[in-house]
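Working notes, structure below.
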Amino acid sequence: MENKISEEEFQVCFQELSSGRHLNRNQWRTLLEGRNSERAELLAQKASELRDRIYGKKIFIRGLIEFTNYCKNDCYYCGIRKSNKNASRYRLTEDQILNCCRAGYELGFRTFVLQGGEDPYFNDERIVRIVGKIRKEFPDCAITLSIGEKERASYQLFKKAGADRYLLRHETANEAHYRKLHPKELSLAHRIQCLEDLKSLGYQTGAGIMVGSPGQTTETLMDDLEFLEKLQPEMVGIGPFIPHHDTPFREKKQGELEQTLYLLSLVRLLLPNVLLPATTALGTIDPRGRERGVLAGANVVMPNLSPENVREKYLLYDNKIHTGKEAAECLDALRASMGEIGYEVVVDRGDYISKTEEV
Ligand code: SAH
């Protein structure tokens, strides 16, 4: 990509960001629009250095349990949206969920992520029961929920039952863009309210976006970066948008690998202590996507612990990887490939290190 942003202009903004200073919109624009391969490499190196200094050469693993693909929402991008009549729906039982945790624990997982559609069957009482059981059986593990928008009171109940972390990507911080991605029942204001509630309740909170989602522009990305700076989430999930054949976005273009990697680096530089996954979506668009994500500044991977017979049903997008492999097999491959690039997959809860705890 040839672009008109001069080397000097780019370097000034890069230095500002690297020294932890606040960037104005023009400076963010310079960084976002000034991307070329050398500059991306420069950012990746700086981001990696920063991550290594804070977290070491460690990769934290999270065992992902996709426990339901029923959803009452109808997000235009998502393969498990309620209008997708071709989705074959499933729910795991409490026992199945606990068995996933048990198998994961044996493999070395110390964080379990319960993710699902917004499934009314899993009301507060059921979630509290499940979280309580996991908390009791695995006192040394972190429990992460990723089950969408709820009332503050519900988040509070889950916290009390033993949940530590919550992932709720904001998807986009730009109102008009949010409207292009979601039906009218959903609002950006409510999603942001949820994130603020989660933070104030003491959850380690994850926000995030899909890169290249339809309607995303430099301006909307600037809104995202400014939003992240303000929210100061402990985690940020960033992966490419990938079209799903049974959604209104079936014909839309997939998000780009290079742009996703670049955003990972930018977010690492913006929020040095952030826990940043190299996502499954990134691994889906490129066979070395997750390794490249780590080299760009990521330090988390989330292998799938869901039972094999349901994995192919939790399809948020097309061609999702590892739908047919056992968790143990994926983990061995991950250990090897991370080892090759100089990183070690560790048995650790991998909690957020706040600035005051840094050594
Ligand atoms: N229902 C929960 C969990 C959603 S699935 C919630 O609303 O938070 C987790 C993430 O997958 C979403 O936040 C979204 O960013 C991502 N996702 C959904 N469809 C996708 C697609 N087609 N391509 C890439 N990522 C997608």
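Computed over heavy atoms, backbone and side chain alike; hydrogens, waters and symmetry mates excluded. Start at 1 and go down the list; that is how both ligands and their atoms are numbered.
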Can you report which non-hydrogen protein atom sits closest to [atom], along with the distance?
atom	result
atom 22 (N) of ligand 1	Ile242 O, 2.7 Å
atom 9 (C) of ligand 1	Gln115 NE2, 3.6 Å
atom 24 (C) of ligand 1	Pro240 O, 3.3 Å

Whether Gly255 lies under 4.0 Å from ligand 1, heavy atom: no

Per atom 25 (N) of ligand 1, closest listed option by heavy atom (Lys252, His244, Met210): Met210

For atom 6 (C) of ligand 1, the option (of Lys320, Lys72, Arg191, Gln254) bearing the nearest heavy atom: Arg191

Any protein heavy atom < 4.0 Å from atom 2 (C) of ligand 1: yes

For residues [X] and [Y], is any side-chain donor paired with an opposing acceptor at under 3.5 Å?
X	Y	value
His22	Glu229	yes
Asp124	Tyr155	no
Gln45	Glu49	no
Arg165	Ser146	no

Heteroatom proximity flag, [X] to ligand 1, N/O under 3.5 Å:
X	answer
Phe241	no
Glu171	yes
Ser146	no

Against heavy atoms of [X], which atoms of ligand 1 measure under 4.0 Å?
X	value
Gly116	1 (N), 2 (C), 3 (C)
Cys78	19 (N)
Arg169	13 (O), 14 (C), 15 (O), 16 (C)

